[in-house]
Amino acid sequence: MRSQNTQERPDITVVVAARAGDRQATEQLIRDCLPLVYNIVGRALDGHSDVDDVVQETMMRVLDGLPGLEQPDRFRSWLVAITVRQIRDRWRRGRSGLTVESLEASTQEPVPQADFSDLAILQLALSGQRREVVEATRWLEDEEREVLALWWMESAGELTRGELSAACGLTPQHAAVRVQRVKERLETARTVVRAVTASPRCPDLATVLTSWDGRPSALWRKRMARHVRDCPQCLMNSSDLIPAEGLLAGLALVPAPVGLAGLVLARALRPDSAGATVGAGTRTASGASRTTRMLGRLTTKPVAAAAAGVLTFAAAGVAGYTAVRSHAPAARPAVAAPLSPAASSPAPSPRASASRTPAPTSTPTAVPTTTAAVRFSGRHALRSVDHPGDYVSESNRLGVLGPVGATSSPTTRQAATFTFVPGLADPRCYSLRDATGRYVRHYSFRIRLDTDDRSAIFQKDATFCPRPGSTVGSVALESYNYPGRYLRHRDNLQLWLDPSENTAAYRTSRSFVLVGPWT
């Protein structure tokens, strides 16, 4: 039984009319198809920051190719096949390049981010085993998510098995084999989710998880699954699991963001839209400010009366789009120009002079104003904006906000001084190294100091990109591999990597003034 919230299949008369160039039918076709495309792409790309771009490009290619569609009754299969090709093209291209923007250009408050699973749980108000199924999808391989996305739509009643196999370019028999393999891995992941979230957790599993960083992955799914298979306690925890098909039957689609729908409609109904595809310059994952700029460009062009109404709808949807994107897939942080405090720092200090040795008992002064083209390097301290006497420091390898003053011990002053070096994962960002050679990094979102193990995950964990702080002259440090999460102190003054919140208290808790080193 189909959920009342799922999208009806496009009527063949609408497809035929849109193919003939009817603008009203084209608009209706976009509205009918966009939720399906958005859900397939979002789940296949696991909420990657390119989701909106791939959705737009898919819809443009569908509309460009519509006049050549010889069998309108096969529109649905054709649509899904194009969607799958665009997903595969995205994976072949690899991660898109980082956007370079200066700190001065980053005037918009970053929008909190979440992956597609979070989005589905939030917007569909999922709970119980349905929520566990969504959470289990995080434990699958990237290449498995394409089939998962299509099978999910089949289970929800949005696709037939024939449409699924045609989209994959497989025979129904081969498609059945691939679907069965993904279903088995999803069911295994569900038992892992149960085991990990059990309270109390199996003590033997806790031993297995000693080195786990808290992130779902296919590798850890396999490791935990071996334990679960042989553990009576963990097997008992998952004994009541309902088959996923029954949980997904009739499940509604995650609605496409209002602003995304507006952009697709506006672009599709422009007089010069024929043959156009979405390029790097129309990326929607960067937030509402870029969306607004694009809409501004669109509205400066002459648009036919039918499109004008769409543009009005799109512009009105920007505010709603901002709210929806607060739970949207995580975007790779735009790399700011080299770290530079804002223009109203205290008078320049001659700290760069080789002849000057700071007095051990003096309070560090704010780093002088420089141009955005100058990179900071060398030793600095990070003073809290809302706790001016406290500095980013460490205690037993854990990041804390601690008091440091002229009478503090040399050990305390040294613990609050870090060497800023080019980011281990990206030299346009920064990594912070202490006097012993350890790096500031996050581990299960807790800030700590560890020795570089040369792994890719460590280098990403230890890389932070500078963003404007809450006050003039302050800076915030955004995680390289968890965009939308910032290094900040909590009420107990422990340092964590927490998702952004649009509150004054949060903004000040993540803001620091870069000052000269404690020596």
Side-chain angles (χ1 to χ4, degrees), residues 7 9-42 44-45 50-93 96 146 149-150 159 163 166-169 256-257 259-285 291 294-295 297-311 313-314:
Q7 297 293 314
R9 295 170 180 270
D11 190 284
I12 190 171
T13 58
V14 175
V15 176
V16 172
R19 185 182 63 171
D22 184 283
R23 297 179 70 83
Q24 185 174 354
T26 300
E27 180 177 342
Q28 183 61 48
L29 192 65
I30 292 172
R31 294 185 184 278
D32 290 344
C33 299
L34 189 61
L36 176 64
V37 172
Y38 178 69
N39 277 258
I40 293 175
V41 174
L45 296 185
D50 282 355
V51 166
D52 289 359
D53 296 324
V54 173
V55 171
Q56 285 195 69
E57 188 168 346
T58 298
M59 295 307 300
M60 291 305 102
R61 291 184 181 275
V62 167
L63 295 175
D64 290 345
L66 193 58
L69 179 63
E70 296 181 355
Q71 297 177 283
D73 59 323
R74 299 189 61 185
F75 171 80
R76 189 82 161 187
S77 299
W78 179 70
L79 168 73
V80 177
I82 292 176
T83 304
V84 170
R85 284 200 298 272
Q86 293 305 117
I87 293 169
R88 293 175 180 175
D89 286 348
R90 164 63 189 79
W91 286 123
R92 278 195 292 268
R93 288 195 302 267
S96 56
E146 175 191 303
L150 297 175
L159 292 178
E163 291 168 342
C168 293
L260 175 60
L263 287 173
V264 172
L265 287 164
R267 189 173 180 84
L269 299 182
R270 280 168 48 191
D272 60 344
S273 62
T277 57
V278 177
T282 59
R283 303 184 63 80
T284 60
T291 303
M294 179 180 177
L295 288 171
R297 289 196 298 271
L298 289 175
T299 53
T300 61
K301 296 180 177 290
V303 184
V310 175
L311 285 169
F313 160 78

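Atom set for the values below is all heavy atoms of this structure, side chains included, hydrogens, waters and symmetry mates excluded. Quick caveat: nothing in here was measured; it's all calculated off a predicted structure.
- When all heavy atoms of Y38 and D52 are compared, the pair lying nearest together is CE1-OD1, 3.8 Å.
- Every residue two or more places apart in sequence or in another chain that forms a side chain to side chain contact (heavy atoms under 4.5 Å, CB included) with R74 is listed here: Q71.
- One finds the CG atom of N39 at 9.5 Å from the CG atom of L34 (value rounded to the nearest 0.5 Å).
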Take L66 and F75 through the side chain to side chain contact (heavy atoms under 4.5 Å, CB included) test and state the conclusion after the steps.
-> CA-CA 9 Å; L66 193 58; F75 171 80; 4.0 Å; yes
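- Interatomic distance, I30 CD1 to M60 CE, rounded to the nearest 0.5 Å: 6.0 Å.
- When all heavy atoms of A44 and I87 are compared, the pair lying nearest together is CB-CD1, 3.6 Å.
- Remark: L79 CG to L29 CG distance equals 8.0 Å, nearest 0.5 Å.
- Rounded to the nearest 0.5 angstrom, I82 CD1 and T58 OG1 are separated by 8.0 Å.
- Using a 4.5 Å heavy-atom threshold, the side chains of L36 and R76 count as touching.
- Atom CD1 in I40 sits 11.5 Å away from atom CG in L45 (nearest 0.5 Å).
- A pairwise comparison of heavy atoms in D32 and P35 identifies O-CD, 3.8 Å as the closest pair.
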Starting from the C-alpha separation in whole Å, work towards a yes-or-no answer on salt bridge (Lys or Arg N to Asp or Glu O under 4.0 Å) for R61 and E57.
-> CA-CA 6 Å; R61 291 184 181 275; E57 188 168 346; 3.1 Å; yes
Show me, pair by pair, the donor-acceptor contacts under 3.5 angstrom made by side chains of residues 14-22, not counting sequence neighbours?
{"unit_1": "R19", "atom_1": "NH1", "unit_2": "L69", "atom_2": "O", "d": "2.7"}
{"unit_1": "D22", "atom_1": "OD1", "unit_2": "Q24", "atom_2": "N", "d": "3.1"}
{"unit_1": "D22", "atom_1": "OD1", "unit_2": "A25", "atom_2": "N", "d": "2.7"}

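- The closest side-chain heavy-atom distance from V84 to E146 is below 4.5 Å.
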